[in-house]
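Atoms within each ligand, like the ligands themselves, are counted from 1 in listed order. Remember, it's a predicted structure, so these values are computed and weren't measured experimentally.
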Amino acid sequence: MEYVTRILNGVAEKNPGEPAFYQAVHEVLSSIAPVLERDSRYEKWGILERMVEPERQFIFRVPWVDDQNRVQVNRGFRVQFNNAIGPYKGGVRLHPSVNLDIMKFLGFEQCFKNALTGLPMGGGKGGSDFDPKGKSDMEIMRFCQSFITTLYKYIGPHHDVPAGDIGTGEREIGYMFGHFKRITSHFDNVLTGKGLTYGGSYVRTEATGYGLVYLVDHILQTKGRSMEGMTVTVSGSGNVAIFAVEKAQQLGGKVVTMSDSTGFIHDREGVDLDAVKEIKLKNHARLSEYTKYRPRAEYHTGRGAFLVPCDMALPCATQNELTEAEAKALADGGCRIVAEGANMPCTPGAVALFNARGVLFVPGKAANAGGVATSGLEMSQNAIRYNWDFEKVDQRLQRIMQSIYDQISSAAEEYGMPDNYMAGANIASFLKISEAMLAQGVC
Ligand code: NDP
Ligand code: 2IT
């Protein structure tokens, strides 16, 4: 379609050297051509032109002093992408690979994901090339304080609400929140993922992994199947992966792999999650330690978690980690369903292969939306100055994941692509954001 081609060419031209951003935009725009063809208002009102241009982007110096009294300087980012349906909302990634390309791809994805939650949240993302690995608590605190010293002016409960992502968990959110409070004197609910004693929500820690498995389980149920007895491969061993494994095991799945950026474990008897939690959450150590707890398991350096035969694969580490060759190995090994716990972990070639081979594919913007959805529930509880108990938040999360299934499956059906959840997710979220943009005029 000419409109889509023109916008994609414009994105490539205006954002050179940003392949991840282009990849994310290409995926969404390639799915929505049938929607654009039905209604000329999208083109007339420049909806795509406005959707692919972040509303504003901040890049800033983050100076801090390390434990040896040396000055360190990192680069900070916040991309406020689209606030058509609510305040900008999205995590903060702390990883040496962070650059503007990664921030824009994540911010763009976040707009569509947040729309699927049904909660009033626009899309944004932030982060820094700061590497928390090997840093002391004091160093991490000084970095977080410096990051907020610049960012505090641009965030707020009705404006932009950051949260966690790779490298940012409850500890980092606590330091950021404390510093925001100190320099503004306001106990504003300006971040989510807070600790339970100062405005956090039950289930936020577990939400992304749990939500992923709730959605997959629901899809299996609609097909008369269940997770019971399924062999599951998982990548990553951080927040998303750990709680995806926990819920998958609770529902009877047998998880046989997990990974970190150094290597992966293969435990044919099923991963011992208590051991992984002790290694990763308590000791902040490497997954290679796992064989000390379970000597019969194998540890391999490098990649390979998805070369292990399985019924279901859950990539939960990072973008473009699951390649076309791995997708082929998964399909050849009998894998029937792949759901993205991470943001954009499957390469376009991998996704094409899943579609060609009839492997059900659930894209991250639907599958991992439980995390930001529960952040939305944290904002709701903060707004009414109340805390719901674990069961209540968990039930709401389950209902949201079910509603995401309803939206993506019915959009896919309506546009003649049943079971194409990627098209369904892109179409359903596009329709919601564009309706709000059309209603609000050119802004
Ligand atoms: P964590 O920092 O808790 O864990 C990240 C995991 O992925 C670690 O095991 C890490 O290994 C591995 N990893 C990170 N980067 C790389 C890399 N470049 N190559 C290989 N492995 C890597 O992050 P989360 O679990 O929170 O996030 C994982 C994914 O889920 C990300 O894509 C994130 O955007 C997405 N996500 C997170 C949500 C949340 O609520 N936290 C919500 C929705 C999506 P190592 O320790 O060796 O670095
Ligand atoms: O990618 C994501 O959805 C997140 N990192 C969670 C964002 C949030 O605001 O909770």
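Of all protein heavy atoms, the one closest to atom 3 (O) of ligand 2 is Lys113 NZ, 2.7 Å. With respect to atom 10 (O) of ligand 2, the closest heavy atom belonging to the protein is Ser375 OG, 2.6 Å. In terms of protein heavy-atom proximity, atom 6 (C) of ligand 2 is closest to Arg204 NH2, 3.5 Å. At the shortest separation from atom 27 (O) of ligand 1 among protein heavy atoms lies Ile166 CG1, 3.6 Å. Protein heavy atom at the shortest distance from atom 47 (O) of ligand 1 is Ser261 OG, 2.4 Å. The protein atom (non-hydrogen) at minimum distance from atom 9 (O) of ligand 1 is Ser237 N, 2.9 Å.
No part of Glu109 comes within 4.0 Å of ligand 2, judged by heavy-atom distances. In Ser235, neither the side chain nor the backbone holds a heavy atom less than 4.0 Å from any atom of ligand 1. In Arg303, neither the side chain nor the backbone holds a heavy atom less than 4.0 Å from any atom of ligand 1. The proximity of Leu106 to ligand 2, defined as any non-hydrogen pair under 4.0 Å, does not occur for either the backbone or the side chain. Residue Glu321 does not touch ligand 1, judged by heavy-atom distances below 4.0 Å. Within the 4.0 Å heavy-atom criterion, the part of Arg286 lying near ligand 1 is the side chain and not the backbone. The proximity of Thr208 to ligand 1, defined as any non-hydrogen pair under 4.0 Å, is limited to the side chain. If you look at Arg204 next to ligand 1, the close heavy atoms, those under 4.0 Å, all belong to the side chain.
Distance check on atom 33 (C) of ligand 1: some protein heavy atom falls below the 4.0 Å cut-off.
Interface of Cys316 with ligand 1, defined as ligand atoms under 4.0 Å from a residue heavy atom, comprises 28 (C), 29 (C).
Closest to atom 9 (O) of ligand 2 by heavy atom, among Gln110, Lys89, Lys125, Glu378, is Lys89.
Here the rule is side chain to side chain contact (heavy atoms under 4.5 Å, CB included) with Arg93, and of Asp129, Thr168, Ile102 only Ile102 fits it.
Here the two rings, on Phe81 and Phe105, have centers that are 6.0 Å apart or farther.
Within the 4.5 Å cutoff, the side chain of Leu119 has no heavy atoms near those of the Lys89 side chain.
Taking distance alone, with nitrogen or oxygen atoms compared against 3.5 Å, Lys113 stays at or beyond that limit from ligand 1. Residue Asn368 has no N or O atom closer than 3.5 Å to an N or O atom of ligand 2.
Residue contacts with ligand 2 include Gly164, since one of its heavy atoms falls under 4.0 Å from the ligand.
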